[in-house]
Q: 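Just dropping this structure here.
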Amino acid sequence: MATSELILSVRDYDLSATLDSGQAFRWHRQGAAWSGVIGQRWVRLEPLPEGIRAQTMVPVADWTWLTDYLQSQVDLAAILESFPVDPPMQAAVAACPGLRLLRQDPWECLASFMLSSTKQIVQIRQIISLLCERHGEAVTTPAGLAPARAFPTPERIARLSEAELRDCKMGFRAPNVLAAARRIASGEFHLERIRALPHATARAELMRLRGVGGKIADCVLLFAYGFNAAFPVDVWIKKALQELYFPRRRAPEKRLQYFAATHFGEHGGYAQQYLFHYMRTRKRPNSRD
DNA sequence: CGCCAGGATTGAA
DNA sequence: TTCAATCATGGC
């Protein structure tokens, strides 16, 4: 029984593609609907013909936290028009109608992608699930549904031991996440200050954290701070750029990085997400083939 | 074993 | 600078 409900009027929004495209790791599918925790609030999202139904378990007067997170007010058509017109990009856009970028909490996004290093998405979800189950604060959920927890704050994680984090299957990532949490909790490192910096400066600032290289910094710039030109280059995107744009010769790393940073325009981050989701969902190898 | 996953760091060229 | 080697972990 929901306490608050909102019908979000929005077109061109594929909830499943967006919530399950490797940018957020804590959403649970329930049929066509999804449930998860944004900040300290449990929320259920259900696709409707005219938009999205949102239900919470706490009274909500101002839904900005949700519309900000979903970026539902963004003019997707205008963004798609800014993409370069080439066959790979057109194929990717055609394959993923309604795919969006979220606007996530910087700490949850940073910690999540620090944990993503050389892990598959299913494993990243498991690590984060363990971390939240064991160390996150409980949030109110509907009776009968599995309890939900918030993503643990930097302050909470800073008080944990490396061993407790390793127990969440973090492996060599544990000391990096712990060190970042401590620097942030102590006030030495300011996540909010990064929002106001120029793109290149913000990227360099994030990379001062051990365990954060260019790829993870780009993910946080794009998924948490809204630097839409940020273009994370992971193994999938490398494969995509290599196969789709440089099919005849192997492109050096530097060439791929330059191409990624210059070819896709001011909303390159969106283009990247379309290519990523396109590559990840097109060939589903059948085990009997 | 063999390979890979939304990599980062270090040290050599 | 830009590389290649090394680190490191769980799943299949």
Side-chain angles (χ1 to χ4, degrees), chain A residues 17-27 92 96 99-102 104 106 108-131 162-180 183 200 203-225 227-228 230-244 249-261 264 268-289:
Chain A
T18 302
L19 299 180
D20 193 22
S21 59
Q23 46 178 327
F25 303 98
R26 260 161 56 74
W27 289 97
C96 321
L99 175 62
R100 303 272 186 148
L101 286 183
L102 302 169
Q104 302 179 55
E108 176 169 349
C109 188
L110 171 65
S112 295
F113 279 95
M114 288 181 77
L115 295 171
S116 77
S117 176
T118 57
K119 282 289 175 190
Q120 299 188 83
I121 289 180
V122 57
Q123 298 174 307
I124 302 167
R125 301 179 70 102
Q126 187 196 8
I127 297 171
I128 294 173
S129 172
L130 280 171
L131 175 66
E162 181 181 324
E164 286 174 299
L165 294 179
R166 283 185 180 272
D167 283 345
C168 299
K169 305 192 175 184
M170 289 187 191
F172 66 88
R173 305 158 194 84
N176 296 339
V177 170
L178 183 56
R183 291 182 65 181
R203 187 173 195 262
E205 190 66 15
L206 286 170
M207 288 176 67
R208 288 176 49 209
L209 296 167
R210 173 159 290 264
V212 178
K215 190 271 173 180
I216 291 175
D218 287 338
C219 286
V220 179
L221 291 175
L222 183 61
F223 301 140
Y225 293 112
F227 286 90
N228 280 2
F231 195 108
V233 178
D234 73 330
V235 291
W236 285 93
I237 291 295
K238 263 180 205 162
K239 198 186 316 180
L241 297 182
Q242 180 65 61
E243 290 179 5
L244 300 174
R249 59 205 151 81
R250 204 186 80 76
E253 175 72 17
K254 176 66 181 166
R255 180 86 181 88
L256 289 181
Q257 293 288 347
Y258 179 79
F259 186 78
F264 296 95
Y270 274 85
Q272 173 274 155
Q273 197 64 16
Y274 275 82
L275 288 172
F276 179 78
H277 198 253
Y278 174 52
M279 289 297 285
R280 222 166 58 88
T281 55
R282 62 172 187 172
K283 293 180 192 167
R284 281 287 163 190
N286 191 317
S287 54
R288 285 176 328 208
D289 278 358

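These figures come from a predicted structure and were not determined experimentally. Lettering follows sequence order; numbering is per chain, from 1.
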Q: Would you please name every residue forming a salt bridge (charged side-chain N to carboxylate O under 4.0 Å, His left out) with A:D234, sequence neighbours left out?
A: none
Q: Going by the rule side chain to side chain contact (heavy atoms under 4.5 Å, CB included), which residues pair with A:Q126 if we only count those two or more places apart in sequence or in a different chain?
A: A:K169
Q: Please name all residues satisfying salt bridge (charged side-chain N to carboxylate O under 4.0 Å, His left out) with A:R166, sequence neighbours left out, ordered by chain then number.
A: A:E162
Q: Going by the rule ring pair (Phe, Tyr, Trp, His ring centres under 6.0 Å), which residues pair with A:F113 if we only count those two or more places apart in sequence or in a different chain?
A: A:F25, A:F223
Q: Heavy atoms under 4.0 Å, any strand shown: does A:Q257 hit a base, just sugar-phosphate, or nothing?
A: nothing
Q: Let's see if you get this right: which residues in residues 118-128 of chain A place a heavy atom under 4.0 Å from DNA chain B?
A: A:T118, A:K119, A:Q120, A:I121
Q: Over all strands shown, is A:K215 touching base, sugar-phosphate only, or nothing at heavy-atom distances under 4.0 angstrom?
A: base
Q: 5' to 3' on DNA chain B, which nucleotides open and close the contacts with chain A (atom under 4.0 Å from a heavy atom)?
A: B:dA5 to B:dT10
Q: Quantified in whole Å, what is the C1' atom distance between nucleotide C:dC3 and nucleotide B:dA5?
A: 22 Å
Q: Would you grab the first and last nucleotide of DNA chain C (5' to 3') that comes under 4.0 Å of any non-hydrogen atom in chain A?
A: C:dT2 to C:dG11
Q: Please enumerate all residues that pass side chain to side chain contact (heavy atoms under 4.5 Å, CB included) together with A:R208, with sequence neighbours excluded.
A: A:R183, A:E205
Q: Looking at every strand, decide which applies to A:R255 at a 4.0 Å heavy-atom threshold: base, sugar-phosphate, or nothing.
A: nothing
Q: What does A:F276 touch in the nucleic acid at a heavy-atom separation under 4.0 angstrom: a base, only the sugar-phosphate, or nothing?
A: base
Q: Holding to side chain to side chain contact (heavy atoms under 4.5 Å, CB included), I want the full list of residues that pass it with A:K254, two or more places apart in sequence or in another chain.
A: none
Q: Just to be sure I understand the rule, does A:S21 reach a base, reach only the sugar-phosphate, or reach nothing, if contact means heavy atoms closer than 4.0 Å?
A: base
Q: Examine distances only and state if a side-chain atom of A:E108 and a backbone atom of A:A224 form a donor-acceptor pair shorter than 3.5 Å.
A: no
Q: When the P atoms of C:dA5 and B:dG6 are considered, how many whole Å apart are they?
A: 24 Å
Q: Contact class for A:V233 (heavy atom, under 4.0 Å): base, sugar-phosphate, or nothing?
A: nothing
Q: Not counting sequence neighbours, which residues clear side chain to side chain contact (heavy atoms under 4.5 Å, CB included) with A:A92? List them please.
A: A:M89, A:Y274, A:L275, A:Y278
Q: Does A:G211 reach a base, just sugar-phosphate, or nothing at all? Heavy atoms under 4.0 Å.
A: sugar-phosphate
Q: Would you mind listing every side chain to side chain donor-acceptor pair (under 3.5 Å) that reaches into residues 111-124 of chain A, with sequence neighbours excluded?
A: A:T118-A:R173
Q: A:F264: which residues meet the ring pair (Phe, Tyr, Trp, His ring centres under 6.0 Å) condition with it, sequence neighbours left out?
A: A:F231, A:Y245, A:F259
Q: Run the numbers on A:E253 and A:Q257 for side chain to side chain donor-acceptor pair (under 3.5 Å), then give the verdict.
A: CA-CA 6 Å; A:E253 175 72 17; A:Q257 293 288 347; 2.9 Å; yes
Q: How do A:F223 and A:V212 order along DNA chain B: which one's closest nucleotide is nearer the 5' end?
A: A:F223
